[in-house]
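A short write-up of the structure that comes next.
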Amino acid sequence: MDADTTPVDAEAVDTLAVHAGREDLAALGLHAPPIDLSTTYPSYDSRGEAARIDAFAATGEAPEGPPVYGRLGNPTVARFEAALARLEDTEAAVAFASGMAALSAVLLAQHATGLRHVVAVRPLYGCSDHLLTAGLLGSEVTWTDPAGVADAIRPDTALVMVESPANPTLAEVDLEALAEACGTVPLLVDNTFATPVLQRPAHSGARLVLHSATKYLGGHGDVLGGVVACDEAFARRLRQIRFATGGVLHPLAGYLLLRGLATLPVRVRAASATAAELVARLAADPRVLRVHYPKVGGAMVAFETLTDPHDVIARVRLITPAVSLGSVDSLIQHPASISHRIVPEDDRASSGVSDRLLRMSVGLEDVEDLWRDLDRALGSELSTPALHTGVHASREVRLADA
Ligand SMILES: *Cc1c(COP(=O)(O)O)cnc(C)c1O
């Protein structure tokens, strides 16, 4: 049967979230998307297959018809890619086994052209920082602040990379100004924290929009995935890298991510409203030194405590003390011990990841229940000897204007 695959005629994120990537279902007589777990696809026409393989090898264009082999592509994963591309308003998206596999593919694609230099702004997610700093893929990185990006760019610069809001401090970058400073060098924006519900970096000039789909896109803490939304030309190179290096997303993960996208706008807005209320209460609390919350909003909150942050982690009960974020339930963690442990101590400190900082991913629980848990976990003992640095005097609230 010829399926009608005309892209859904809608602009709003809410509509796209539930319809994009599912346009052909009614014509197929289906309502829920099918899961195709095939690793291989039969064909009695090996001349035709040869031509399709040649075409893919030469261009990276997704083959028409069945994918030949599961590492070239998968129809269930393709639905998620189509939907995410619509949500980020890019021509294409290419999905990977994890956020780190997605970032690795971007670096490999650029390094393969001889461009090995990366300009990056701290903080980044701890493992992204590590991948660049350790040069595991042969990158040479120059760290700078957003104002220094134009000067840091060299003839061999492959990429400019930022997160906004950044993990874990929620620091924001003016993406339009940054895109301008990048000139012809591709700007990669990790949009994991904001999601396309709050911000579409491609509209600000980012050529590559990266997600750890493990977080908000999946949204239920039960699937690892990564995705790069970009123009079709870059997507073709990413598909070639994915085919040759094998960091594919499993079809079940593709299904779960497409399912997660459907509720992304309502989840992000509901959790953001709760986060904003918690920010107001934390900012007014004498046990809290500083609260970080971005202008763009969102469901991530970072705060520095005057009580020992390790005690807060030990005392939460409703909130789960765990790394990761973006799930339906709330998580809290101590970046200096966990998510950013792998970043050298001095680099952590200079990019605002203080030893007092806690990062909370606000879920869909009731705000009063969350506050009761936080309030109890913050305790009553202001400053432990180890943490006593006279910070009471400099207590400040860093909201929006940060
Ligand atoms: C978690 C995370 C990553 C890495 O994604 P994985 O899916 O864990 O590989 C990249 N960037 C940000 C901002 C993250 O939070």
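Whatever order the structure lists them in is the order used to number ligands and atoms, beginning at 1.
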Minimum heavy-atom separation for [X] and [Y], please, with both atom names.
| X | Y | value |
| --- | --- | --- |
| Ala302 | Leu170 | N-CD1, 3.6 Å |
| His203 | Glu176 | O-OE2, 4.4 Å |
| Tyr216 | Thr195 | CB-CG2, 3.4 Å |

Of the protein's non-hydrogen atoms, which lies at the shortest distance from [atom], and what is that distance?
| atom | answer |
| --- | --- |
| atom 13 (C) of ligand 1 | Asp190 OD2, 3.3 Å |
| atom 9 (O) of ligand 1 | Met100 N, 2.9 Å |
| atom 8 (O) of ligand 1 | Ser212 OG, 4.0 Å |
| atom 15 (O) of ligand 1 | Lys215 NZ, 2.8 Å |

With atom 4 (C) of ligand 1 as the reference point, say which of Phe193, Phe96, Tyr125 has the nearest heavy atom.
-> Tyr125
Tell me whether [X] contacts the main-chain N or O of [Y] through its side chain, where contact means a donor paired with an acceptor under 3.5 Å.
| X | Y | result |
| --- | --- | --- |
| Arg242 | Gly247 | no |
| Arg200 | Leu87 | yes |
| Ser164 | Ala166 | no |

Near Gly225 (heavy-atom distance under 4.0 Å), the atoms of ligand 1 are 7 (O)
Less than 3.5 Å between some nitrogen or oxygen of Thr214 and one of ligand 1, yes or no?
-> yes
